[in-house]
Amino acid sequence: MKIEQIIHSTVAKALEELYRFEASDGQIQLQATRKDFEGDITLVVFPFLKHSKKRPEDTASEIGEYLQSHIDEVLRFNVVKGFLNLEISSRYWTGELKEAWSNESYGFQKASEKAELAMVEYSSPNTNKPLHLGHIRNNLLGFSISEILKVNGYQVVKTNIVNDRGIHICKSMLAWQKWGNGKTPENTGKKGDHLVGELYVAFDKHYKQEISELEAKGLSKKEAEEQAPSIQEARELLRRWEAGDSEVVELWKTMNSWVYEGFDTTYKRLGVDFDKIYYESETYLVGKEEVLRGLKEGIFYRKEDGSVWADLTGDGLDNKLLLRSDGTSVYMTQDIGTAKMRFNDFSINKMIYVVGNEQNYHFQVLAILLDKLGYDWGKGLHHFSYGMVELPSGKMKSREGTVVDADDLMEGMVQVAREMAQELGKLDSLTPEEAERTYEIIALGALKYFILKVDPKKNMLFNPEESIDFNGNTGPFIQYTYARIQSVLRKAAERELFVNESIDDFSGEVSLKEKELMKKVALFPDAVKEAGSGYSPAILANYCFELAKEFNQFYHDHSILGEKDMQKRDFRLLLSASVGKIIKRGLKLLGIEVPERM
RNA sequence: GCCCCGGUAGCUCAGCUGGAUAGAGCAACUGCCUUCUAAGCAGUAGGUCAUGGGUUCGAAUCCCGUCCGGGGUACCA
């Protein structure tokens with residue numbers, strides 16, 4: 001059992017025996033002792049003063065004595081004001097260390113056969129343009145939270161809803177017909193999603209020009225936007241698509257296939273994947289049926305113009321459009337259909353949507369609508385709402401070209417990693433292939449950590465002028481720590497020294513740094529758990545950084561292989577190897593790989 | 001207008017279910033490589049935790065007001 005639990009329950013007993021007071025869980029506050037004080041775990045005794053009717057110092061001392069005599073692991077204690085600092089025996093910490101080394105699932109809770117199933121939706125791109133930095137944040141968060149939920153005892157199904165139909169695709173299609181000149185990814189050598197994205201921008205350029213021409217003729221902005229020939233033609237394409245016009249459908253399939261090929265390349269490099277992919281073109285009709293069913297059952301209502309609405313005023317919200325007056329579906333319609341199909345396909349206990357916080361209202365409404373339609377899982381959906389990635393100039397906008405392209409960004413990062421590594425000359429012993437592989441690992445590590453270390457809920461800033469750091473609180477710093485450890489282990493193996501976990505009789509002095517590092521290792525299970533319950537890869541990212549930082553201090557102050565005392569040497573080897581293992585497993589949950597050398 | 005979220009060092013971010021003297025990294029300055037990887041370590045400097053009140057033994061953290069920024073708000077997704 002974890003020492004915190006033991007102390008917690010013993011404190012409860014102490015309070016009862018000493019003060020006849022039954023404490024609620026929240027009142028017993030245990031925290032890591034601050035570094036400036038002596039001890040490992042601290043109990044805050046202020047909440048008990050009312051019952052002890054004694055000074056804070058005396059109350060803390062009494063509880064301290066009780067704990068010391070009832071728990072073997074509590075060696076000593078000291079009292080500072082109302083803080084009871086407990087010193088835990090190093091035997092306990094070395095026990096955790098051995099566990100961290102020998103137990104491959106240390107800190108993880110394995111999913112049993114009957115574990116709850118969580119479906120995580122993420123990525124969900126439109127197929128009219130390539131992925132940008134905003135999508136990267138989405139993909140990394142979605143992938144990481146899936147991995148984190150898996151080791152918190154959930155079965156996880158990663159899913160992607162591809163928005164493959166709609167007016168936006170038709171705009172690119174129209175642009176290809178009119179100005180595409182028969183371009184294909186093959187004959188231009190361009191990545192398919194980029195080619196389609198360029199067509200989308202081309203459409204917008206023409207469209208904007210038409211609008212200003214019409215406005216010059218005296219039309220209002222709104223009228224101009226409605227009457228511009230480009231948008232009329234794009235709408236015509238959408239109508240023909242919905243009618244199943246074979247020529248349009250053929251072009252749609254072709255252009256989407258270009259985009260998918262491009263997306264696959266990006267996803268692969270980014271290291272994300274999916275267990276099940278849904279396409280809007282296959283779900284929107286299901287959604288439409290559901291809305292019509294709701295209409296028939298009197299859950300929704302129809303206006304004179306034919307549009308269908310939900311009245312949510314009873315839930316403190318407004319009226320919500322579900323079908324346009326021309327009968328076509330909207331975003332919400334599709335999401336209802338997708339949800340229904342998913343719950344038919346899987347026995348989902350928890351549905352998690354990784355979608356930006358600009359859609360908070362949408363998901364609030366979706367939950368209510370699903371509930372009204374009679375799905376008891378509707379209310380339980382979880383919107384993993386994350387903040388925007390902003391540029392110094394503000395929000396990214398695809399049409400205005402103010403986006404940081406995902407492929408460009410990754411390539412640029414690899415270039416920086418390559419230059420840096422070559423300058424340092426540390427990878428010269430590797431083959432060119434191994435070296436390239438390492439640059440890739442480091443570059444992606446830097447990018448992923450940069451994104452994931454930030455609290456998902458908050459907006460974050462990316463400045464393209466300053467490249468993402470490789471020093472300090474960064475992915476490469478943590479990876480470097482891992483590589484250092486591997487280097488020590490390789491040198492050890494050359495001397496026939498291997499990690500020896502039978503250090504039961506280790507009785508040597510443990511330095512302050514060694515103890516701090518052991519304590520940090522023992523916090524891994526808490527970080528994993530917290531990251532899961534709080535839906536926050538950032539908690540895990542920051543833990544990994546702290547662990548690496550703590551190790552580097554230890555590494556600087558202590559010789560491992562040079563240590564004369566064999567017991568100490570073995571202990572430090574075990575300590576180092578365990579830290580390496582935790583770093584590797586921790587980063588893996590963030591989708592970050594580790595290099596053996598760097 | 002109404003609703004939601006945010007404001008912590010020059011910059012990017014931790015800390016926020018109330019606890020000890022508010023922490024990292026970057027940038028600036030100073031040291032440390034004949035010893036297991038210097039993508040590292042140590043140090044200096046940098047703060048009215050936007051602001052005014054309240055709650056209490058104790059507030060960056062909880063509540064209310066104000067200012068500033070971002071997002072949403074019925075036929076875009």
Side-chain angles (χ1 to χ4, degrees), chain A residues 26 29 31 33-34 36-37 42 44-47 49-50 56 80-83 85 124 126 163 166-168 280 303 305-310 312 316-326 328-332 334-335 355-362 364 385 387-388 390 394-395 417 420-421 423-424 426 442 446 450 453-455 457-463 466 468-481 483-492 495 534 538-539 541-542 545-546 548-549 551-563 572-573 576 597-598:
Chain A
Q29 300 173 41
Q31 52 193 254
T33 303
R34 291 180 62 118
D36 334 312
F37 299 92
T42 294
V44 185
V45 304
F46 289 109
L49 300 183
K50 267 184 222 152
V80 181
K81 292 188 278 185
F83 299 93
N85 302 318
S124 308
N126 290 347
N163 301 300
I167 191 69
H168 49 291
E280 186 189 346
K303 277 191 185 171
D305 63 4
S307 55
V308 178
W309 297 75
L312 304 177
L317 302 174
D318 287 326
N319 288 288
K320 186 76 188 174
L321 176 83
L322 298 176
L323 286 177
R324 295 193 187 94
S325 48
D326 65 1
T328 56
S329 59
V330 293
Y331 182 37
M332 189 62 78
Q334 166 223 310
D335 261 358
V355 180
N357 62 12
E358 55 195 353
Q359 288 177 32
N360 286 353
Y361 183 70
H362 174 83
Q364 199 184 342
S385 166
M388 301 288 98
E390 290 170 344
K395 210 181 165 184
M420 198 170 285
E423 201 174 308
L424 293 169
K426 290 191 190 177
I442 295 167
F450 175 79
K453 76 168 176 184
V454 180
D455 181 346
K457 292 197 288 289
K458 292 191 176 172
N459 287 356
M460 64 178 290
L461 186 89
F462 174 79
N463 188 349
E466 309 163 6
I468 294 173
D469 260 306
F470 286 69
N471 298 318
N473 185 354
T474 67
F477 170 88
I478 304 169
Q479 291 172 320
Y480 173 71
T481 308
R484 265 184 153 177
I485 291 169
Q486 299 320 299
S487 175
V488 172
L489 294 179
R490 278 193 300 272
K491 291 249 157 66
R495 303 184 199 176
I539 289 172
N542 285 304
F545 170 68
E546 283 173 26
K549 192 174 155 63
F551 178 83
N552 280 320
Q553 292 171 5
F554 154 79
Y555 181 87
H556 182 265
D557 294 350
H558 299 75
S559 180
I560 301 164
L561 301 177
E563 174 58 47
R572 287 176 188 166
L573 201 57
S576 304
R597 297 165 208 268
M598 73 182 270

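Since the structure is predicted, the reported quantities are computational estimates derived from the model, not experimental observations. Per chain, numbering begins at 1; letters A, B, ... match sequence-line order.
With both ends at atom C1', the span from G69(B) to G23(B) equals 25 Å, rounded to whole Å. Between G72(B) and A77(B), the distance separating the two C1' atoms is 14 Å to the nearest Å. Separating the P atom of G25(B) from that of G43(B) is a span of 10 Å, rounded to the nearest Å. If you take atom P in U61(B) and the same atom in U21(B), they sit 16 Å apart, rounded to whole Å. Here, U56(B) and C63(B) have their P atoms 16 Å apart, quoted to the whole Å. Of the P atoms belonging to G71(B) and A9(B), the separation is 22 Å, rounded to the nearest Å. Look at the C1' atom in both G10(B) and G47(B): the space between them is 12 Å, to the nearest Å. Distance check on atom C1': A59(B) versus U8(B) gives 14 Å, rounded to whole Å.
Atom pair Leu323(A):CG and C76(B):P shows a separation of 13 Å (rounding to whole Å applied). The distance between atom OH of Tyr555(A) and atom P of A38(B), rounded to the nearest whole Å, is 5 Å. The separation between Asp455(A) atom CG and G6(B) atom P is 9 Å, rounded to whole Å. When rounded to the nearest whole Å, the span between NZ of Lys457(A) and P of G70(B) equals 22 Å. In this structure, CD of Glu466(A) is placed 13 Å from C1' of G25(B), rounded to the nearest angstrom. Taking atom CZ on Phe477(A) and atom P on G25(B), their separation rounds to 8 Å, with Å as the unit. One atom, CZ of Arg34(A), and another, P of A22(B), lie 8 Å apart when rounded to the nearest Å. Between the C1' atom of G72(B) and the OH atom of Tyr331(A) lies a distance of 13 Å, rounded to the nearest Å.
Among the atoms of the strands shown, base atoms are found under 4.0 Å from some heavy atom of Asp305(A). Note on Ile442(A): a base of the nucleic acid sits closer than 4.0 angstrom, heavy atoms only. At a threshold of 4.0 angstrom between heavy atoms, the contacts of Glu546(A) with the nucleic acid are absent. In this structure, Met460(A) reaches the sugar-phosphate backbone alone: every heavy-atom distance under 4.0 Å involves primed, P, OP1 or OP2 atoms, never a base. At a threshold of 4.0 angstrom between heavy atoms, the contacts of Tyr361(A) are confined to the sugar-phosphate backbone, with no base atom among them.
Annotation: Tyr480(A) is not in aromatic contact with Phe477(A) [ring centroid separation under 6.0 Å not met].
Comparing Lys549(A) and Gly562(A) along RNA chain B, the residue whose closest nucleotide (by nearest heavy atom) sits nearer the 5' end is Lys549(A).
Closest to the side chain of Ser487(A), from the set A77(B), A20(B), C36(B), is C36(B). Picking from U37(B), A24(B), A74(B) the nucleotide with the shortest atom distance to the side chain of Arg597(A) gives U37(B). Candidate nucleotides G70(B), G40(B), A20(B) were compared by shortest atom distance to the side chain of Thr42(A), and A20(B) ranks first.
Side-chain N/O atoms of Arg484(A) include one lying less than 4.0 angstrom from OP1 or OP2 on A38(B). Here Gln334(A) does not reach the OP1 or OP2 of A77(B): none of its side-chain N or O atoms lies under 4.0 Å away. For the OP1/OP2 pair of G40(B) and a distance below 4.0 Å, the side-chain nitrogens and oxygens of Asn471(A) include at least one atom meeting the criterion. OP1 or OP2 of A14(B) sits under 4.0 Å from a side-chain N or O of Lys458(A).
With hydrogens and angles disregarded, no donor-acceptor distance shorter than 3.5 Å links the side chain of Ser487(A) to the backbone of Ala483(A).
Donor-acceptor pairing under 3.5 Å, judged by distance alone, is present between the side chain of Asn85(A) and the base of A20(B). Counting distance only, with no hydrogens placed and no angle test, the side-chain atoms of Ser307(A) and the base atoms of A74(B) include no donor-acceptor pair under 3.5 Å.
In this entry the base of C33(B) is syn relative to its sugar, with a glycosidic angle within 90° of 0.
Between the side chains of Thr474(A) and Asp469(A), no donor-acceptor pair of N or O atoms lies under 3.5 Å.
Side-chain contact check for Val355(A) versus Ser385(A): every heavy-atom pair is 4.5 Å or farther apart.
Look at Arg324(A) and Asp326(A) and you find no salt bridge, because none of the NZ, NE, NH1 or NH2 atoms lies under 4.0 Å from a carboxylate O.
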